[in-house]
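Bear in mind the structure is a predicted one, so any value in this text is a computation, not a measurement. Residue indices begin at 1 and follow the sequence shown.
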Amino acid sequence: MELCSWPRFVIAVLVAAMVVEGVLLSDYGNVSEISYMEAFGVRNWNDGAGEPLMVAISLIHRAASRGAVCLDGTIPAYHLHRGFGSGANSWIVQLEGGGWCNDHRNCVYRKRTHRGSSNYMERQIPFTGILSNKPEENPDFFNWNRVKIRYCDGASFAGEGHDEASKLYFRGHRIWFAAIEELMAKGMRNAHEALLSGCSAGGLASILHCDEFRELLPRNTKVKCLADAGLFLDAIDVSGGHTLRKFFHGVVSYQGVGKNLPASCTSHMDATSCFFPQNLIAHVKTPLFILNAAYDSWQVQASLAPPVADPHNSWHECKLNHARCSASQIGFLQVFRNHMLNAIMGFSVPHRNGLFLNSCFAHCQSERQDTWFADDSPVLGRKSIAIAVGDWFFDRSRINLIDCAYPCDNSCHNLVFR
């Protein structure tokens with residue numbers, strides 16, 4: 001699919017976790033592939049910004065003995081850039097996102113990509129946004145130890161099982177523990193402060209594992225969590241069905257996720273419901289920051305108006321460009337935003353939590369430099385996302401920022417496709 005050219009406030013780039021036109025709902029894991037450079041807004045090195053920091057891959061060799069392997073049986077991996085100065089004992093652990101696989105066909109496809117095998121992973125990736133090592137790009141966390149744990153299980157680091165016939169390994173939960181154990185040995189056991197973050201499927205994972213992360217670190221370590229674009233809603237699609245619920249049910253049942261979901265939820269709800277963050281966030285005890293676009297582009301494309309729910313393609317133009325939505329379609333999207341507002345009602349009442357909910361058509365705003373911290377980054381209450389997250393983490397101010405409804409926010413970096 002060709003991406004269009006728009007003014008500076010429109011970022012016409014396909015995020016790695018985005019489902020695009022031509023990809024069926026059942027192909028959540030089979031997303032159109034673009035380079036890491038494009039996915040994080042790094043395309044023109046000669047535009048004065050300089051080259052991004054490229055960080056090499058590290059394989060977790062000890063993981064194999066614990067059965068902590070990717071879908072295809074290869075060992076998992078991560079990228080680490082060491083902190084320095086005042087940040088030498090501070091850690092950001094970011095869980096990579098990138099969809100899910102819910103059945104045999106999708107998981108077999110996925111295991112032949114970098115989302116299911118370390119054999120296909122990039123040997124180096126750019127660290128931008130919240131992972132940047134430049135103070136002008138990442139003012140509060142630039143000198144921390146910054147880690148990206150690669151995503152190769154297809155169930156938000158939560159699966160436990162094995163499809164012997166297809167040689168598929170659902171070991172996301174084991175990968176999570178193996179990666180944390182590796183980082184502890186690399187010095188994280190001495191962390192003064194730590195932030196678990198993630199985007200999209202990784203954002204969901206950061207919610208699922210937030211309290212575990214707190215428990216694994218020393219009691220005197222300051223620990224918080226950030227979920228970016230991870231607030232997936234159990235929403236009604238344009239046909240009146242529950243497309244995403246049906247898909248999540250496949251993920252949870254096929255990959256054996258239920259046994260690793262928080263008991264605080266599964267004690268009174270079914271496992272599929274407990275894979276939806278809206279049913280989890282009230283039970284998270286560790287301070288949690290939710291960063292989300294109210295009109296999340298991934299959810300508009302793949303949950304609200306996927307091809308299976310829109311067989312006549314009446315939502316085709318609207319999905320590609322919000323400016324082409326009809327009044328009734330905008331009305332449907334406003335209902336979705338209201339659903340999101342209801343889902344977070346009460347979440348930010350405890351002062352320990354933070355919230356940045358902007359009325360943009362976007363997905364994953366902490367990893368991209370243009371949305372995290374730049375001259376024209378999205379703002380709420382005169383704060384960019386980077387400043388808001390920093391103020392919350394360091395307890396400089398309470399952050400509970402909810403945008404007015406579309407189209408009031410002209411600072412958005414909206415995703416547009418053609």
Side-chain angles (χ1 to χ4, degrees), residues 156 158 195-200 202-215 222-236 242 244-245 248 261-296 298-299 303-304 333-360 362-363 365-366 378 380-381 383 385 387-406 408-409:
S156 289
L195 176 64
L196 177 67
S197 72
C199 155
S200 193
L204 169 55
S206 70
I207 295 171
L208 288 170
H209 296 297
C210 184
D211 285 339
E212 287 179 342
F213 188 62
R214 164 66 281 180
E215 292 169 5
K222 180 176 185 176
V223 177
K224 297 188 179 185
C225 306
L226 165 64
D228 177 10
L231 192 59
F232 298 99
L233 299 181
D234 187 3
I236 297 174
H242 286 264
L244 189 55
R245 167 169 276 276
F248 273 6
L261 295 173
S264 57
C265 182
T266 56
S267 62
H268 65 280
M269 300 186 81
D270 63 272
T272 299
S273 295
C274 293
F275 201 59
F276 282 98
Q278 68 193 71
N279 300 320
L280 297 172
I281 55 177
H283 304 289
V284 177
K285 299 175 183 177
T286 307
L288 174 64
F289 191 104
I290 290 179
L291 165 61
N292 229 92
Y295 312 96
D296 183 276
W298 189 93
Q299 295 189 66
S303 175
L304 299 184
L333 296 177
Q334 300 294 20
V335 171
F336 175 75
R337 173 181 177 270
N338 290 337
H339 185 174
M340 189 172 291
L341 293 177
N342 289 334
I344 60 172
M345 187 178 299
F347 166 77
S348 58
V349 172
H351 285 203
R352 68 178 183 269
N353 292 333
L355 181 65
F356 192 106
L357 186 71
N358 55 358
S359 290
C360 303
H363 187 73
Q365 299 179 88
S366 64
L380 279 181
K383 292 180 186 286
I385 294 169
I387 298 302
V389 172
D391 284 352
W392 163 77
F393 186 90
F394 294 105
D395 304 309
R396 295 191 293 247
S397 64
R398 186 183 181 196
I399 303 297
N400 182 26
L401 300 172
I402 300 176
D403 210 350
C404 48
Y406 172 83
C408 71
D409 191 338

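Scanning all heavy atoms of the two residues, the minimum distance from Q365 to N358 falls at OE1-ND2, 3.0 Å. When all heavy atoms are compared, the tightest approach of N292 to G230 is OD1-N, 3.3 Å. The heavy-atom pair separating S366 from L226 by the smallest distance is CB-CD2, 4.5 Å. Smallest separation of non-hydrogen atoms from S359 and A405: OG-CA, 3.9 Å. Among all heavy-atom pairs drawn from Y295 and L333, the shortest one is CE2-O, 3.6 Å. Pairing each heavy atom of W392 with each of G354, the nearest pair is NE1-N, 3.4 Å.
When each of K222, H351, R352 is checked for a side chain to side chain donor-acceptor pair (under 3.5 Å) with D395, only K222 meets the rule.
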**Asked** After noting the C-alpha distance and the side-chain angles of D234 and L244, does the key distance pass the side-chain contact (heavy atoms from CB on, under 4.5 Å) rule?
**Response** CA-CA 7 Å; D234 187 3; L244 189 55; over 6 Å; no
**Worked check of salt bridge (charged side-chain N to carboxylate O under 4.0 Å, His left out) between D403 and R337** = CA-CA 11 Å; D403 210 350; R337 173 181 177 270; over 6 Å; no
**Item:** side-chain contact (heavy atoms from CB on, under 4.5 Å) between V389 and F356, intermediate numbers included
**Value:** CA-CA 9 Å; V389 172; F356 192 106; over 6 Å; no
**Request:** Might you work through the side-chain contact (heavy atoms from CB on, under 4.5 Å) test for S206 and F213, ending with a clear yes or no?
**Result:** CA-CA 9 Å; S206 70; F213 188 62; over 6 Å; no
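In this structure, N279 and C274 have side chains that are not in contact, with every pair of non-hydrogen atoms separated by 4.5 Å or more. Counting heavy atoms from C-beta outward, I402 and I344 have side chains that approach closer than 4.5 Å. Residues D409 and C404 are not in side-chain contact: their nearest non-hydrogen atoms beyond the backbone lie 4.5 Å or more apart. With a 4.5 Å cut-off on side-chain heavy atoms, K285 and C210 do not count as touching. Side-chain contact between V284 and N353 is absent, with no heavy-atom pair separated by less than 4.5 Å. Side-chain contact between L288 and K224 is absent, with no heavy atoms from C-beta onward closer than 4.5 Å. Here the side chains of I281 and I207 are in contact, with some heavy-atom distance below 4.5 Å. By the 4.5 Å heavy-atom criterion applied to side chains, L233 and S303 are not counted as neighbours.
The NE2 atom of H268 sits 4.0 Å away from atom NE2 of H283, with the distance rounded to the nearest 0.5 Å. Expressed to the nearest 0.5 Å, how far CG of D270 lies from SG of C265 amounts to 8.0 Å. To the nearest 0.5 Å, the span separating CZ on F347 from CG on N400 amounts to 9.0 Å. In this structure, the separation between NZ on K383 and CG on D391 is 4.0 Å, given to the nearest 0.5 Å. Atom CG of L291 and atom CG of L355 lie 9.0 Å apart (nearest 0.5 Å). Between the CD1 atom in I387 and the CG atom in L380 there is a gap of 13.5 Å [rounded to 0.5 Å].
For Q299 (side chain) and L231 (main-chain N/O), a donor-acceptor pair under 3.5 Å exists by modelled atom type. Here the side chain of R214 pairs no donor or acceptor atom with the backbone of C225 at under 3.5 angstrom.
Aromatic ring orientation, H363 versus F232: tilted (interplanar angle from 30° to 60°).
Side-chain contact annotation: D211 with T286, donor-acceptor N/O pair under 3.5 Å present.
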